[in-house]
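Shown next, in structure tokens, is the structure this report addresses.
Any value given below was found using the heavy atoms of this structure, including those in side chains, with hydrogens, waters and symmetry copies removed. We count residues from 1, following the sequence as given.
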Amino acid sequence: MGTTARLGLLVSLCLFIPNSLHAGSDNRFPSNEDLRHVRAMSQPRLSPDGHSVLIQVTDATADGGKSHLWLVDVKQNTARQLTWSSAQEKRGEYEGRWMPDGDSILFLAHRGEHTQLYRLSMEGGEARPYDLKVTPPVDESTASDAIPPRTDSTAPKVEPLAIDVESFGISPDGRQIALLARDPETPGEKKQHDDKADAVWVNHDPHGSRLYLLDSESEKLTPVAVPPDVHGIAWNRQGDSLIAIAEGMNNTGDLGPSNSAWMVTTADPAHPRQLKELPPTIQGGTWSEDGKHYYFLAQSEQDAPPGYHDLFVLTFADSKIRNLSSGFEGTMAHELPIPEANKILQAAQIGTHVAVVRFDAEKRDVVKFDTTTVTQLNSNSKQNGWVWLGSGSTQSPTLYYAEKLGHSPRALNALNLLPASWTPISSQVVQWKNEGQSIEGLLYLPPQATSGKVPMIVDVHGGPTGAFEDGYYAFIEFLVGQGWAVLRVNPRGSTGYGVAFAAANKNDLGGADYRDIMAGVDTVISRYPIDGNKLGLFGYSYGGEMAGFVEGKTDRFKAIISGAPVVDQSSEYGTEESSWYDRWFYGKAWEHEADAWRQSPLAEVSHAKTPFLLLQGEADKTDPLGQSEEMYRALRQMGVPVEMVQYPREDHGPLAGGIFGNPSPEPWHGFDGRQRIVKFYTTAFGE
């Protein structure tokens, strides 16, 4: 089972190409080609003076899917592009950050042989890269058992090498920049690879991601003695200390949580102190403004799937930890908390909404916003303004600004990324009861539903610890534009409804969650103009797995489409990138063979009848290619109509994003997937 590939939380999609005509002269919906012309925006950063917003804009798939940095003037509501890429660059410019004085910005880009940290003055001119080199911490070619064997007994001269910067964090005073960079490949190691002495000793790679401190003026680079792999940085407000989060190397996390937190002082980076009171599930956090507390996300105290977080606070004076979100009937989002005076702001999913909750010692309040989803909230050190991305079913993702939270937000449309003349399709929240559980879903009806019954596509989310939120989705507009209703269900196991609901499908994959979905289908057919003889089902990741369960459990659907599924829990468990998540659901597959098989779609494939389409990335490490191959072979040998399409180079999330309308560097895979989806359902519905 794969992690969910959700749209709307991490990346905001905005359409800007004229739409195709569907369903009558008064209605316009996106065509397949239109979805290749979707741009995205993310990471809004308010300037230190509160007058401008630095934001990352990603080109459409048709334009290469590269990212660039733009500047939006809050008062004038105008925008201009700050950075550009050459044709040779694959990713563009990203991770833009303001220097605290507001006179320049920093960003990452791969413009030569390495990914470098660049500084760009707001007064104009070219961005300047920092020349960052380190003495290699690791050189496997000098080992005593290196291949080819060394014939020269003289130790090779060690020269500083350029590093590839992975991420960075700027101290509040701007004097220091914390950098994360993976150990560079040495000339000796490169020669080994060129000579094809490139055997991979699994889980024994000594290279890791390390932490360095860069003096922003002298450009002196100092290594920090936090053990790799480092993946998180949080500066205190005073700028003299930071907390770094490291993860055990070589897939240690597959054996169990392996994160550790380290206190680093700028005065003594060679002697960090491990904060042993922080749990190994810690994901990262934020200091309080006075430096006396550290707010962080970590695994829920209640039994829950891995990655289901609570919000905690550590008090440095007594090393005590308190759970601020205990009993919260929602789910913490993966965005890190933001301090606000003596309170803390945390993004959270509440049902189908994504909101911001204000926590303090006494109570918790949901901050008021005008849209049903709110993501990527950001302010500056003075908190004299706030920016975020907001969307809803009829509101494309939009950059918003407000001087104070909860007061007079203003949409900044200067980027001109919004749809033009598209028919708004309002979501409808549908609720029903099943086996004592309250379940809800989002229903989208096409204009044709006003004059008769329409086919319906049931869309199943990934995870299974995921959910559908009431945001804007180009892919839904595309499906509705075909004249089909779409039902997106949040069955038990979904986030947004509290920890007990998220844990309710433990050791029951394809069981009660399947029945929740089918009860929703019956509810919608009874209340809305849906043609129960023209039903299709679509799912990606765990949704693709559920598609496999549905194939063997019912023949009510005319066609089923499965993207990157799990079909055999045992073979998946042994070949996926990490098994820790799956282990929570049913234990080690070889110790719980009956449970693993019962929760495998292949277990009931002998009952399969429905035409089935598999969409699979060849480079998928989350749900490997072999899973789709197993399902394809089984259905083909059972005589069930089955088709399988493989996409070269595609990993799990990127393929999903491309199909759903996210910008992608693969120019035609998403287009191909959507085209096959429409053709498969249209043929099955006899349209």
Does the side chain of [Y] come within less than 4.5 Å of [X]'s, by heavy atoms?
X: Val354; Y: Thr372; value: no
X: Tyr472; Y: Pro424; value: no
X: Val430; Y: Arg527; value: yes
X: Thr352; Y: Tyr497; value: yes
X: Phe478; Y: Asn32; value: yes
X: Thr58; Y: His68; value: no
X: Ile439; Y: Asn490; value: no
X: Trp386; Y: Leu345; value: yes

Could I get the full list of ring pair (Phe, Tyr, Trp, His ring centres under 6.0 Å) partners for [X], not counting sequence neighbours?
X: Tyr118; value: Phe107
X: Trp484; value: Tyr681, Phe685
X: Tyr401; value: none
X: Phe312; value: Phe296

Any side-chain donor-acceptor pair under 3.5 Å between [X] and [Y]?
X: Gln349; Y: Thr495; answer: yes
X: Glu33; Y: His37; answer: yes
X: Ser241; Y: Gln238; answer: no
X: Asp240; Y: Asn236; answer: yes
X: His309; Y: Ser300; answer: no
X: Ser104; Y: Arg119; answer: yes
X: Tyr444; Y: Glu477; answer: no
X: Thr373; Y: His353; answer: no

May I have the step-by-step check of side chain to side chain donor-acceptor pair (under 3.5 Å) for His669 and Ser664, ending in yes or no? CA-CA 9 Å; His669 287 171; Ser664 170; over 6 Å; no
Please list all pairs meeting salt bridge (Lys or Arg N to Asp or Glu O under 4.0 Å) that have one or both residues in residues 40-59, counting only residues at least two apart or in different chains.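 Listed once each, the pairs would be none.
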Return each pair, listed once, that meets salt bridge (Lys or Arg N to Asp or Glu O under 4.0 Å) where at least one residue sits in residues 364-389; pairs must be two or more places apart or across chains.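 Only Lys363-Asp365, Lys368-Asp370 qualify under salt bridge (Lys or Arg N to Asp or Glu O under 4.0 Å).
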For [Y], is there any backbone N or O sitting under 3.5 Å from a side-chain donor or acceptor partner on [X]?
X: Ser393; Y: Gly471; answer: no
X: Ser121; Y: Glu123; answer: yes
X: Asn380; Y: Gln383; answer: yes
X: Asn77; Y: Ala414; answer: yes
X: His293; Y: Leu314; answer: no
X: Thr371; Y: Gly390; answer: no
X: Glu469; Y: Gly351; answer: no
X: Ser325; Y: Phe328; answer: no
X: Thr78; Y: Gln76; answer: no

Please report the shortest heavy-atom distance between [X] and [Y], naming the atom on each side.
X: Gly96; Y: Leu69; answer: CA-CD1, 3.9 Å
X: Pro339; Y: Ser288; answer: CB-CA, 4.4 Å
X: Met99; Y: Gly174; answer: CE-O, 3.6 Å
X: Ser379; Y: Asn384; answer: OG-N, 4.3 Å
X: Ile55; Y: Leu389; answer: CD1-CD2, 4.3 Å
X: His231; Y: Gln283; answer: CE1-O, 4.4 Å

Mind checking what makes side-chain contact (heavy atoms from CB on, under 4.5 Å) contact with [X], not counting sequence neighbours?
X: Glu329; value: none
X: Ser52; value: Ser47, Leu71, Trp98
X: Ala449; value: Leu445, Pro446, Val454, Pro529
X: Ser326; value: Asn323

Just say parallel, tilted or perpendicular for the rings of Tyr400 and Trp388, cut-offs at 30° and 60°.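 Ring orientation of Tyr400 relative to Trp388: parallel.
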Contacts of Arg111 that satisfy salt bridge (charged side-chain N to carboxylate O under 4.0 Å, His left out) - sequence neighbours left out: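 Arg111: salt bridge (charged side-chain N to carboxylate O under 4.0 Å, His left out) contacts with Glu89, Glu93.
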Can you name the salt bridge (charged side-chain N to carboxylate O under 4.0 Å, His left out) partners of Glu95, sequence neighbours left out?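 Applying salt bridge (charged side-chain N to carboxylate O under 4.0 Å, His left out) to Glu95 gives Arg97.
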Is the distance between the ring centroids of Phe316 and Trp287 under 6.0 Å?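 Ring centres of Phe316 and Trp287 closer than 6.0 Å.
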Determine whether the aromatic ring centres of Phe475 and Phe538 lie less than 6.0 Å apart.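 Yes - the distance between ring centres of Phe475 and Phe538 falls below the 6.0 Å cut-off.
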Are Arg488 and Tyr473 in a cation-pi contact, defined as NZ or CZ under 6.0 Å from the six-membered ring centre and within 45° of the axis?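 Yes, a cation-pi geometry holds between Arg488 and Tyr473.
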Aromatic Phe671 / basic Arg674 pairing, under 6.0 angstrom, 45° off normal: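 No, Arg674 and Phe671 do not form such a contact.
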Chi angles and distances behind the side chain to side chain contact (heavy atoms under 4.5 Å, CB included) call for Ile177, Leu106: CA-CA 10 Å; Ile177 303 168; Leu106 302 182; 3.5 Å; yes
Determine, stepwise, if the pair Tyr308 / Thr331 fulfils side chain to side chain donor-acceptor pair (under 3.5 Å). CA-CA 8 Å; Tyr308 191 98; Thr331 302; 3.0 Å; yes
